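Read the structure below first, then the notes.
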Amino acid sequence: MTTYQLAPSILSADFSRLGEEMAAVMDAGVKVIHVDVMDGHFVPNITIGPVVLSAISEQVHAAGGVLDVHLMIEDPDRYIDAFAAAGADWINVHVEACTHLNMTIARIKSAGCKAGVALNPATPLVALQEVTADIDFALVMSVNPGFSGQDFIPAVVPKIERARHLLPEHVGLQVDGGIGPDTVAAPLEAGANLFVAGSAVFGADDPPQAARELMAALAAKA
Ligand code: DX5
Ligand code: ZN
């Protein structure tokens with residue numbers, strides 16, 4: 001979880017050609033596909049569920065990739081097993097949506113997935129403090145979740161830096177929201193190693209080229 005990885009979010013892809021769009025960025029070297037699950041309650045938007053995940057799982061795994069499932073839903077415990085069965089490799093839950101976070105993390109792991117915990121921009125880092133030994137990665141949101149195409153919030157950069165110091169070395173640190181060629185450098189310098197990008201990859205005129213450029217920025221740091 002501590003290698004540098006670009007995780008394009010399919011939320012910005014053309015859903016009528018999803019397989020082709022994923023194949024193009026994976027051919028360019030992408031190994032992590034980010035899947036944004038929204039329920040219309042935790043966030044205003046409604047997006048993808050286990051049925052779609054299951055439809056893309058074989059393709060992504062056959063290409064050597066992993067499915068990074070970001071649950072922006074209330075009561076995520078109810079759906080962990082379904083997403084794991086549909087092919088999730090990493091499952092990321094929001095601390096704001098979990099009443100019994102230890103149990104949720106344990107459930108993700110017993111379903112055979114890597115466990116991540118996400119924090120909204122206004123959620124203090126201390127919310128992670130008691131679970132740092134239990135997680136595989138943390139996600140510091142750099143937009144308020146709900147939609148792709150929002151502006152990166154620069155105030156999260158010092159939070160990323162503090163998160164890197166708080167987390168054990170083997171725990172990955174992901175950033176999600178508004179990441180693109182102009183905003184990747186600051187969170188990279190601050191210690192993030194997993195970079196989600198939606199509109200900057202699938203919203204670009206040439207998604208594989210956009211992915212290659214972002215991966216080159218990450219490789220320069222690695
Ligand atoms: C935000 C989602 C993000 C989003 C990223 O709610 O969690 O993953 O799709 O999109 P961009 O990179 O366009 O901000
Ligand atoms: Zn996301």
Side-chain angles (χ1 to χ4, degrees), residues 1 5-15 18 21-22 25 30 32-49 52-53 56 60 65-74 76 79 83 88-97 108 113-123 135-157 159-160 172-188 192-207 209-211 213-215 217-218:
M1 304 299 293
Q5 297 284 354
L6 177 69
S9 164
I10 59 168
L11 189 55
S12 298
D14 175 352
F15 280 89
L18 188 51
E21 296 239 302
M22 290 192 307
V25 296
V30 163
V32 182
I33 295 289
H34 185 82
V35 180
D36 284 308
V37 178
M38 306 187 188
D39 66 351
H41 292 274
F42 181 68
V43 291
N45 204 0
I46 299 177
T47 58
I48 297 161
V52 172
L53 187 68
I56 64 173
V60 170
V66 299
L67 286 163
D68 168 26
V69 177
H70 179 192
L71 297 182
M72 288 160 279
I73 64 176
E74 281 175 8
Y79 298 98
F83 280 102
D89 299 288
W90 305 354
I91 294 183
N92 197 346
V93 293
H94 269 261
V95 66
E96 303 87 0
I108 294 170
C113 300
K114 300 282 187 200
V117 172
L119 302 179
N120 282 337
T123 301
I135 58 178
D136 296 297
F137 68 111
L139 164 54
V140 173
M141 290 298 300
S142 43
V143 298
N144 288 287
F147 299 93
S148 56
Q150 303 182 75
D151 287 342
F152 180 81
I153 300 173
V156 304
V157 172
K159 185 178 178 184
I160 291 169
L173 181 51
Q174 189 173 51
V175 61
D176 180 6
I179 297 293
D182 300 334
T183 53
V184 68
L188 185 59
N193 66 293
L194 304 169
F195 289 77
V196 178
S199 44
V201 174
F202 287 119
D205 291 340
D206 184 345
Q209 181 56 22
E213 280 170 25
L214 282 168
M215 286 188 293
L218 304 186

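Just follow the structure's listing: the first ligand is 1, and inside any ligand the first atom is 1. Just the heavy atoms: all of them, side chains too, but no hydrogens, waters or symmetry mates, feed the values below. Everything quoted here is computed from the prediction, not taken from an experiment.
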Looking at ligand 1, does any of its N/O atoms fall within less than 3.5 Å of an N/O of Asp36? yes
Got a second to check how far Met141's CE is from Leu139's CG, nearest 0.5 Å? 5.5 Å
Could you tell me which N, O or S atom of His70 is nearest to the Zn ion (ligand 2)? ND1
Out of the N/O/S atoms in Asp36, what is the name of the one closest to the Zn ion (ligand 2)? OD1
For ligand 1, which atoms sit closer than 4.0 Å to a heavy atom of His34? 8 (O)
How far is atom 14 (O) of ligand 1 from its nearest protein heavy atom, and which residue and atom is that? Gly178 N, 2.8 Å
Could you tell me which non-hydrogen atom of Asp39 sits nearest to which non-hydrogen atom of Glu74, and how far apart they are? OD2-N, 2.8 Å
So the atoms of ligand 1 within less than 4.0 Å of a heavy atom of Val196 turn out to be 8 (O)
Heavy atom of the protein closest to atom 12 (O) of ligand 1 (residue, atom name, distance): Gly198 N, 2.7 Å
Can you label the angle between the Phe42 ring and the His94 ring as parallel, tilted or perpendicular, going by 30° and 60°? tilted
If you look at Asp176, which of its N/O/S atoms is nearest to the Zn ion (ligand 2)? OD2
Polar contact flag, side-chain donor to acceptor under 3.5 angstrom, His34-Asp36: yes
Kindly indicate whether the side chain of Val201, heavy atoms from C-beta on, has any atom under 4.5 Å from the side chain of Val30. no
To make sure I understand the geometry: which N, O or S atom in His34 is closest to the Zn ion (ligand 2)? NE2
Is there a polar contact, in the sense of an N or O pair closer than 3.5 Å, between Leu11 and ligand 1? no
Check whether any side-chain N or O of Asn144 sits under 3.5 Å from a backbone N or O of Pro121 as a donor-acceptor pair, and report yes or no. no
Could you tell me, atom by atom, which parts of ligand 1 come under 4.0 Å of a heavy atom of His70? 7 (O)
Mark up the atoms of ligand 1 that fall under 4.0 Å of a heavy atom belonging to Met72, in ascending order. 6 (O), 7 (O)
Without swapping roles, check the side chain of Ser142 against the backbone of Ile153 for a donor-acceptor pair under 3.5 Å. no
Mind checking whether Ala197 has an N or O less than 3.5 Å away from an N or O of ligand 1? no
Decide side chain to side chain contact (heavy atoms under 4.5 Å, CB included) for Leu53 and Val37; before the verdict, give the C-alpha distance in whole Å, the side-chain angles of both, and the deciding distance to 0.1 Å. CA-CA 10 Å; Leu53 187 68; Val37 178; over 6 Å; no
Considering the heavy atoms of Ser9, write down every atom of ligand 1 situated less than 4.0 Å from one of them. 9 (O)
Take every heavy atom of Gly146, measure it against each atom of ligand 1, and state whether any distance is under 4.0 Å. yes
Using the rule given for side chain to side chain contact (heavy atoms under 4.5 Å, CB included), can you reason through Phe83 versus Leu67, listing the C-alpha separation, both sets of side-chain angles and the distance that settles it, and then say yes or no? CA-CA 10 Å; Phe83 280 102; Leu67 286 163; over 6 Å; no
Mind checking whether Gly177 has an N or O less than 3.5 Å away from an N or O of ligand 1? no
Distance under 4.0 Å to a non-hydrogen atom of Pro145: what atoms of ligand 1 satisfy this? 6 (O)
Decide whether an N or O pair under 3.5 Å exists between Asn144 and ligand 1. no
For the pair Thr183 (side chain) and Phe152 (backbone), establish whether a donor and an acceptor sit closer than 3.5 Å, ignoring hydrogens and angles. no
Decide side chain to side chain contact (heavy atoms under 4.5 Å, CB included) for Val35 and Ile56; before the verdict, give the C-alpha distance in whole Å, the side-chain angles of both, and the deciding distance to 0.1 Å. CA-CA 10 Å; Val35 180; Ile56 64 173; 4.2 Å; yes
Would one find an N or O of Gly149, backbone or side chain, under 3.5 Å from an N or O of ligand 1? yes
Apply side chain to side chain contact (heavy atoms under 4.5 Å, CB included) to the pair Val93 and Ile108, showing each step before the final yes or no. CA-CA 9 Å; Val93 293; Ile108 294 170; 4.0 Å; yes
Looking only at protein heavy atoms, what sits closest to atom 10 (O) of ligand 1 is Ser148 CB, 3.2 Å
Which protein non-hydrogen atom lies closest to atom 13 (O) of ligand 1, naming both residue and atom, and how far is it? Ser199 OG, 2.5 Å
Exercise: do Asp68 and Gln5 side chains pair donor with acceptor under 3.5 Å: no
For Met38, atoms of ligand 1 separated by under 4.0 Å from a heavy atom: 6 (O)
How far is atom 5 (C) of ligand 1 from the closest protein heavy atom, and which atom is that? Asp176 OD1, 3.5 Å
Determine the sole option in Val140, Ile179, Leu173, Val156 for which the side chain to side chain contact (heavy atoms under 4.5 Å, CB included) test with Pro187 is passed. Ile179
Could you find the nearest protein heavy atom to atom 1 (C) of ligand 1 and give me its residue, atom name and distance? Phe147 O, 3.7 Å
